[in-house]
Amino acid sequence: MPIHSILPPEAYLEAGPPIQRVQKRCRYGVVDCLPLPDGRLQICRVISTDPAAFLDPAVAPGEIFQG
């Protein structure tokens, strides 16, 4: 059922616990990672000013961080 409201979804939906993310340094700058249950880190975003960072598949969002 769609909800038509002027309020943002955060105002009427229950919020879950905040997701704890880990930031790790990489050769381009910093990657924001999500800890997985098996102890590995999955990259969520790249924080860099180097354009090459966004073209490197090793640090693409969704990849496992190889620190």
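Bear in mind that the values here come from a model prediction, so they are computed numbers and not experimental data.
A continuous path of Ile, Leu, Val, Met, Phe, Trp and Tyr side chains, each step under 4.5 Å between heavy atoms, connects Val46 with Leu41, placing both in one hydrophobic cluster. Both Leu7 and Ile3 belong to a single network of hydrophobic side chains, linked directly or stepwise wherever heavy atoms of I, L, V, M, F, W or Y lie under 4.5 Å apart.
Across all non-hydrogen atoms, the minimal contact from Arg21 to Pro35 is CA-CD, 4.4 Å. Residues Ile64 and Arg40 share a closest heavy-atom pair of CG1-NH1, 3.9 Å.
Side-chain atoms of Ser48 do not come within 3.5 Å of backbone N or O of Ala53 as any donor-acceptor pair.
Heavy-atom contacts from other residues, nucleotides or ligands closer than 6.0 Å to CD1 of Ile19 number 12 or fewer.
Applying the side-chain contact (heavy atoms from CB on, under 4.5 Å) test between Phe65 and each of Ile43, Asp32, Val59 identifies Ile43 as the sole match.
For residues 50-67, the set of pairs meeting the salt bridge (Lys or Arg N to Asp or Glu O under 4.0 Å) definition, not counting sequence neighbours, comprises Arg27-Asp56.
Here the CD1 atom belonging to Ile47 is positioned 11.0 Å from the CZ atom belonging to Arg25, to the nearest 0.5 angstrom.
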